[in-house]
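Chain letters run A, B, ... following the sequence lines, proteins first and then strands; every chain starts at 1. Since this is a predicted model, take the numbers as computed values, not measurements.
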Amino acid sequence: MEKTFDPGPMEERIYGEWLRSNSFAPRITPWCGGIGYAVMMPPPNVTGVLHMGHLLNNTLQDILVRSAHRRGKVVLWQPGTDHAGISLQVRVEKDLREKGIDAKALSREEFLKHAERWRDEHGDIILHQLRRLGICCDLNRKVHTLDQDYSRTVLHGFVELYRRGHVYRSRRMVHWCPVSQTALSDEEVFVRECDGFLWRIRYALVEDPFRSIEICTTRPETIGGDVAIAVHPDDPRYGDLIGKKCWRPFPREPIPIIADGAVDRSFGTGALKIPPAHAAVDFEIGQRHGLPFREIMDPCGTMNDLAGEELAGLDRSVARERAVALLRELDCLTSAEPHRSAVGISERSGQPVEPRLSEQWFLRYPNVDLAKRAVEEGHIHFFPDRWEKTYLYWLNNIHDWCISRQLRWGHRIPVWYRRGADRNNRANWHVSLDGPSDLENWEQDEDVLDTWFSSAFWPLGTLGWPDPQAMAERNFSVFFPTHTLVTGPDIIFFWVARMVFMAIAFLSQEPDGGDLERAVPFRNVCFTGIVRDAIGRKMSKSLGNSPDPLELIDRYGADSVRFGLISSASLGQDIFFEEKNIELGRNFCTKLWNACRFRLLQGGAAERRTVGELLAAAAQDADFFDRAMVQVLYGTFVTVNGEIEGSWEVQDGGLSAKFQSGYSFQSALQKLEHFFRDDYCDFYVELCKWRLRERPQRKAQTLALQDFILRTFLQLLAPFTPFICQELWQQLGFGVPGEALQLIPLPDLQSELERAKLFPNALEWNWVVEFRAALTKIRALPGAGNGAVLRGESILRDGVWEELRGPLLALTGHKSLDESGSFESSLAAVHTPWGRFAVARQTDEFAARLREELARVRQHIAANRTKLEDQTFLARAPERVIEGAKELLKKNCQRESQLLAQLGEERI
RNA sequence: GGGCGGCUAGCUCAGUCGGUUAGAGCAACCGGUUUACAUCCGGUAGGUCACAGGUUCGAGUCCUGUGCCGCCCACCA
């Protein structure tokens, strides 16, 4: 075995072996219907770049999937990619521009060819990069959202929702991105506070040229779109003006002054200019009052003739300045004060969105009530559960979803209009999956669907829905509902909620939601935190604060990176990424490697012995150290499994059950590391070194027990650091080459240990606990270790002591034990259940420490006495708490007299 | 404007149903190296659990309020 481990070549070789043995594919059997375990990988965008978030997210999924494998589940981890509609189109347009090609001038088909080529060249990069991490997803089942089958799923969904009246076409205000020239959904717009001005503008009255009405606006460039001035109906300042007219400054035209309750009297002057085609509120007011819609801007954000001849042809940002100047010239501008206002920004282009009136397709979300109940009634669990509130809040304030995009890259809307006929007349529409039979008489809708509309079908489409044959081939009935979705809370509306909608809409047959449990797309959603840098900034390419994930893997190995990420990521909390943690991961891998190397230096490998065989060999001549060690391992085994998978805790005497814990990756890994370093290496292996030296006849037994511990431990740890565990598994002879560790079922440890009679009894367990406590105390003595002579007094010599003497010396680093006499009072001594021990003279420092402890102990004793004399406490506290307090008092009193003795102050 | 989270050791964070003397890692300090591992080991020190009230026999934990930090949502132009 190599002296140091080199992750690079090892990881590459092992991943190749896993692929060759096809170990990532679901092991489908005819009887596996009930035990499917599916995880849907959030499909990375084909335009995306691998970042630390991907690494974290996929490590978590990989841990879940590998854990499920070893529990004997039939596992599917579904990978795929998202076509990233607007993002890819923008990207390809940019590439074409650099080549001197105007994308707009290309035909749809030509453009799509370019886009497809780009997708084919870049699409799978992230998935391939993720393999470096060791992800055990089945790439043979990879799905791309524009695959033919998946596309049919999406379009079928559209057609069906249309048929049911949930999808409709309407002319309305939408968020319009003038850069990408497409409509956006509410979710694709974020609000940013921007500094600007609040301009106060005077509109002269038509009826009385000496009077005017003042309005306030942040957008003077839209004046040309004004078709009215609105005031609050009860506003005394303007009561007499309602029904009169005023002059729009430019283009100069009379417009009415109307009254509407939506006007906020307290803002500005209380009078609002109304360009109904350019603001959402104004649109509503316009509709209520039957006002005309005056559009003064082109789709690309350029003012048109209606905006006024001075503004026509200008970009909207330039037009604002021009409008202000113009108002000054016209002497209409009363004041301009700095004002901070909330501006909607397109998530895609980073530019302000324009409220724009346009004809779009919308989805009226179906079964909102059932989507809420799915979470409220616990058919879907969120981890951490606080995200349920966010989900429900969104559902309670839900608006129809604009699902059409004025793009070419995506699923083209399956609606055809009769050529040359009126598109507004539904009689001229054809909505179907395959289109009309006389295609030549129709023209298809130019728009495509929002990418998120297509990803909403991810759990359905990847499993073949709605085609019965595809569903059978892709094992829909085994894997649906899927088990866990691992994703970030930032896409709870974009994706999580919408998958819930689609699954319920199409799979729930019972109107009252009686079958909701089977219709939800996943049972659990595990939300990860955001990976931030050491000073809390979100990692991003533009800030340059994000390490290159692949470079990290190159330098440290995938296992170390996984270890580092998990150990800094507690459930749902943002992560402060520090490379230091990855170093710690590497240190642990080295430790693990060396511990296994040490085992092999002692004797031959395990030769594929089973757990049962190893235990049988280990049980003969096992002593209480061995049994206690096995008990510690068993405890770790149970805890770690529970922390990853969660467990159903029965409540109310079996009347209900509550899902506890689960997804506590950080804590599980911590416990594994603690077990391995502190219990196994630093205690047990060190003990075995003594034993192998002094009791050579026990060698075979000792090595068998080490093998059992290492075998079980490697299996437990493997989901976290799969490569090194796989490698050591083989090196130690637990498996044959090519055998994938994650497919080997976990042993039923409890019955195995019971059969081998390897659980310690309470007395033995206690001995070991006390022994380890004694080690700590002796090690802290002045002059301890370093080959000194340990002195013992009042030693209780019995069979147990005979077993302890050697290990005690070895583990505290003493040369020999002098049990001959009693201590002079100048020695610093400690008490153990087996006697007193000392090495050297009391030091001032040590004595001071003892006095401090004595003071602390006395405080505790006083507090405990008071408590135990308190009648209310005795009456109300549960028995076990009172017992605990008594126990503690007793312990502290003992400790007090020990400390007094150690200090040589032998009074009561 | 509404909502959510965080505030525990110098730093990063655990802390389950309220119950015994609040834990870990890193950093600090002291000590250890005759071969598994210095990518290591042993030990020591370090806390007004943000603040103020309340409930309780008992509060880091539950309730009310306050402060600071972060995030999300929202049509005051």
**Student:** Looking only at the aromatic ring of each residue, does the gap between the centers of Phe720(A) and Phe563(A) stay below 6.0 angstrom?
**Tutor:** no
**Student:** Which base sits across from rA50(B) as a Watson-Crick or G-U pair, both distances under 3.5 Å?
**Tutor:**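 Pairing partner: rU66(B).
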**Student:** Answer with base, sugar-phosphate or nothing: what part of the nucleic acid does Pro384(A) contact at a heavy-atom distance below 4.0 Å?
**Tutor:**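 Nothing, no heavy atom under 4.0 Å.
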**Student:** Taking pairing as Watson-Crick or G-U wobble with both contacts under 3.5 Å, can you name the mate of rA38(B), or confirm there isn't one?
**Tutor:** none
**Student:** For the pair made of CG in Leu888(A) and P in rG58(B), what is the distance, rounded to whole Å?
**Tutor:** 19 Å
**Student:** Rounding to the closest angstrom, what is the interatomic distance between rC13(B) and rG53(B) at atom C1'?
**Tutor:**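 To the nearest whole Å, 29 Å.
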**Student:** Under 4.0 Å between any heavy atoms, over every strand shown, what does Thr217(A) touch: base, sugar-phosphate, or nothing? Just pick one.
**Tutor:** sugar-phosphate
**Student:** Any luck finding a side-chain donor-acceptor pair between Thr702(A) and Arg691(A) under 3.5 Å?
**Tutor:**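 Result is yes, a qualifying pair exists.
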**Student:** Atom CD1 of Ile882(A) to atom C1' of rG58(B): distance rounded to whole Å?
**Tutor:** 12 Å
**Student:** Could you tell me whether Arg219(A) contacts a base, only the sugar-phosphate backbone, or nothing, with contacts defined as non-hydrogen atoms closer than 4.0 Å?
**Tutor:** nothing
**Student:** For rC7(B) and rG15(B), measure between their P atoms and round to the nearest Å.
**Tutor:**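 Those two atoms are separated by 10 Å.
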**Student:** I want to verify the glycosidic state of rC4(B); is it syn or anti under the 90° rule?
**Tutor:**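 Base orientation: anti.
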**Student:** Checking the side chain of Arg779(A) only, and the main-chain atoms of Leu811(A) only, is there a donor and an acceptor separated by less than 3.5 Å?
**Tutor:** yes
**Student:** Say we look at rG25(B) and rU61(B): how far apart would their P atoms be, to the nearest angstrom?
**Tutor:** 25 Å
**Student:** Choosing from rA45(B), rG19(B), rA77(B), which nucleotide comes nearest the side chain of Ser341(A)?
**Tutor:** rA77(B)
**Student:** Indicate whether the side chain of Gln898(A) and that of Arg895(A) have a donor and an acceptor atom separated by less than 3.5 Å.
**Tutor:** yes
**Student:** How many whole angstroms separate atom CH2 of Trp176(A) from atom P of rC75(B)?
**Tutor:** 20 Å
**Student:** More 5' along RNA chain B: Lys273(A) or Lys389(A), using each one's nearest nucleotide?
**Tutor:** Lys389(A)
**Student:** Please determine, for rU61(B), whether a Watson-Crick or G-U wobble partner exists with both distances under 3.5 Å, and give it or none.
**Tutor:** none
**Student:** How far, in whole Å, is rC40(B) from rU35(B) if one measures between their C1' atoms?
**Tutor:** 13 Å
**Student:** Would you tell me whether Thr269(A) and Glu214(A) have side-chain atoms, one donor and one acceptor, within less than 3.5 Å of each other?
**Tutor:** no
**Student:** Could you measure between the two P atoms, the one in rG31(B) and the one in rC69(B), and give it in whole Å?
**Tutor:**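 Taking atom P in both rG31(B) and rC69(B), they lie 44 Å apart.
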**Student:** Does Ser567(A) reach a base, just sugar-phosphate, or nothing at all? Heavy atoms under 4.0 Å.
**Tutor:**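 No contact.
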**Student:** Do side-chain atoms of His278(A) reach the backbone of Ile296(A) as a donor and acceptor pair under 3.5 angstrom?
**Tutor:** yes
**Student:** Any base atoms under 4.0 Å from Thr218(A), or only sugar-phosphate, or nothing? Heavy atoms, all strands.
**Tutor:**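 If one applies the 4.0 Å heavy-atom cut-off, Thr218(A) turns out to touch the sugar-phosphate alone, with no base involved.
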**Student:** Tell me, please, which residues at least two apart from Gln731(A) pass side-chain hydrogen bond (donor to acceptor under 3.5 Å, both in side chains).
**Tutor:** Glu727(A)
**Student:** Quantified in whole Å, what is the C1' atom distance between nucleotide rC4(B) and nucleotide rA28(B)?
**Tutor:** 37 Å
**Student:** Distances under 3.5 Å between protein N/O atoms and the N/O atoms of nucleotides 32-34 of chain B, please, pair by pair.
**Tutor:**
none

**Student:** Could you pull out the protein-nucleic contacts involving nucleotides 36-40 of chain B (nitrogen or oxygen on both sides, under 3.5 Å)?
**Tutor:**
{"from": "rA36(B)", "atom 1": "OP1", "to": "Lys689(A)", "atom 2": "NZ", "distance (Å)": "3.4"}
{"from": "rA36(B)", "atom 1": "O2'", "to": "Asn594(A)", "atom 2": "OD1", "distance (Å)": "3.0"}
{"from": "rA36(B)", "atom 1": "O2'", "to": "Arg597(A)", "atom 2": "NH2", "distance (Å)": "2.6"}
{"from": "rA36(B)", "atom 1": "N7", "to": "Lys689(A)", "atom 2": "NZ", "distance (Å)": "3.0"}
{"from": "rA36(B)", "atom 1": "N6", "to": "Glu686(A)", "atom 2": "OE2", "distance (Å)": "3.3"}
{"from": "rA36(B)", "atom 1": "N3", "to": "Asn594(A)", "atom 2": "O", "distance (Å)": "3.1"}
{"from": "rA36(B)", "atom 1": "N3", "to": "Ala595(A)", "atom 2": "N", "distance (Å)": "3.3"}
{"from": "rC37(B)", "atom 1": "O4'", "to": "Asn594(A)", "atom 2": "OD1", "distance (Å)": "3.4"}
{"from": "rC37(B)", "atom 1": "O4'", "to": "Asn594(A)", "atom 2": "ND2", "distance (Å)": "3.3"}
{"from": "rC37(B)", "atom 1": "O2", "to": "Lys591(A)", "atom 2": "NZ", "distance (Å)": "2.9"}
{"from": "rC37(B)", "atom 1": "N3", "to": "Lys591(A)", "atom 2": "NZ", "distance (Å)": "3.2"}
{"from": "rU39(B)", "atom 1": "O4'", "to": "Asn587(A)", "atom 2": "OD1", "distance (Å)": "3.3"}
{"from": "rU39(B)", "atom 1": "O2", "to": "Thr590(A)", "atom 2": "OG1", "distance (Å)": "2.1"}
{"from": "rC40(B)", "atom 1": "OP1", "to": "Asn587(A)", "atom 2": "ND2", "distance (Å)": "3.2"}
{"from": "rC40(B)", "atom 1": "O3'", "to": "Lys591(A)", "atom 2": "NZ", "distance (Å)": "3.4"}

**Student:** Given rG19(B), rG25(B), rA77(B), identify the nucleotide with an atom nearest to the side chain of Ala877(A).
**Tutor:** rG19(B)
**Student:** Considering only rU21(B), rC26(B), rA45(B), which nucleotide approaches the side chain of Lys867(A) most closely?
**Tutor:** rU21(B)
**Student:** May I ask you to say what Asn581(A) touches in the nucleic acid, namely base, sugar-phosphate or nothing, with a heavy-atom cut-off under 4.0 Å?
**Tutor:**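 The residue Asn581(A) makes no contact with any strand.
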**Student:** With both distances under 3.5 Å as the test, what is the Watson-Crick or G-U wobble partner of rU55(B)?
**Tutor:** none
**Student:** When the distance from CD1 of Ile575(A) to P of rU12(B) is rounded to whole Å, what number comes out?
**Tutor:**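 About 15 Å, once rounded to whole Å.
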**Student:** Which is more 5' along RNA chain B, the nucleotide nearest Ala885(A) or the one nearest Asp678(A)? Just name the residue.
**Tutor:**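 The residue closer to the strand's 5' end, by nearest nucleotide, is Ala885(A).
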**Student:** Using whole Å, report how far NZ of Lys671(A) lies from P of rG23(B).
**Tutor:**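 About 15 Å, once rounded to whole Å.
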**Student:** Whole-Å distance between rG25(B) C1' and Ile582(A) CD1?
**Tutor:** 16 Å
**Student:** So, the side chain of Thr843(A) versus the backbone of Phe846(A): is there a donor-acceptor pair under 3.5 Å, distance only?
**Tutor:** yes
**Student:** Are the side chain of Asn396(A) and the backbone N or O of Leu392(A) linked by a donor-acceptor pair below 3.5 Å?
**Tutor:**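 A pair under 3.5 Å: yes.
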**Student:** With a 3.5 angstrom cut-off on both distances, give the Watson-Crick or G-U wobble partner of rC71(B), or none if there isn't one.
**Tutor:** rG3(B)
**Student:** Could you check whether the rings of Phe675(A) and Tyr680(A) sit parallel, tilted or perpendicular, using 30° and 60° as the cut-offs?
**Tutor:**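 Judged by the thresholds at 30° and 60°, the geometry between Phe675(A) and Tyr680(A) is parallel.
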**Student:** Counting N and O atoms only, with roles assigned by atom type, does the side chain of Arg386(A) sit under 3.5 Å from a partner on the main chain of Thr390(A), one being a donor and the other an acceptor?
**Tutor:**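 Not confirmed, Arg386(A) side chain does not pair with Thr390(A) backbone.
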**Student:** Looking only at non-hydrogen atoms, find the nearest pair between Ile201(A) and Pro249(A) and report the distance.
**Tutor:** CG2-CG, 4.5 Å
**Student:** For rA24(B), which nucleotide in any strand shown is its Watson-Crick or wobble partner with both distances under 3.5 Å?
**Tutor:** rU12(B)
**Student:** Between rC29(B) and rC68(B), how far apart are the two C1' atoms, rounded to whole Å?
**Tutor:** 33 Å
**Student:** With the side chain of Arg880(A) defined as its heavy atoms from C-beta on, choose the nearest nucleotide among rU21(B), rG19(B), rU12(B).
**Tutor:** rG19(B)
**Student:** Can you check side-chain hydrogen bond (donor to acceptor under 3.5 Å, both in side chains) on His289(A) and Asp260(A), steps first, answer last?
**Tutor:** CA-CA 9 Å; His289(A) 297 268; Asp260(A) 194 285; 2.8 Å; yes
**Student:** Could you state the CD-P distance from Glu337(A) to rA77(B), rounded to the nearest angstrom?
**Tutor:** 13 Å
**Student:** What integer number of Å spans the C1' atoms of rC75(B) and rA14(B)?
**Tutor:**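 Their C1' atoms lie roughly 44 Å apart.
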**Student:** Roughly how many Å is it from CG in Leu874(A) to P in rU56(B), rounded to a whole number?
**Tutor:** 19 Å
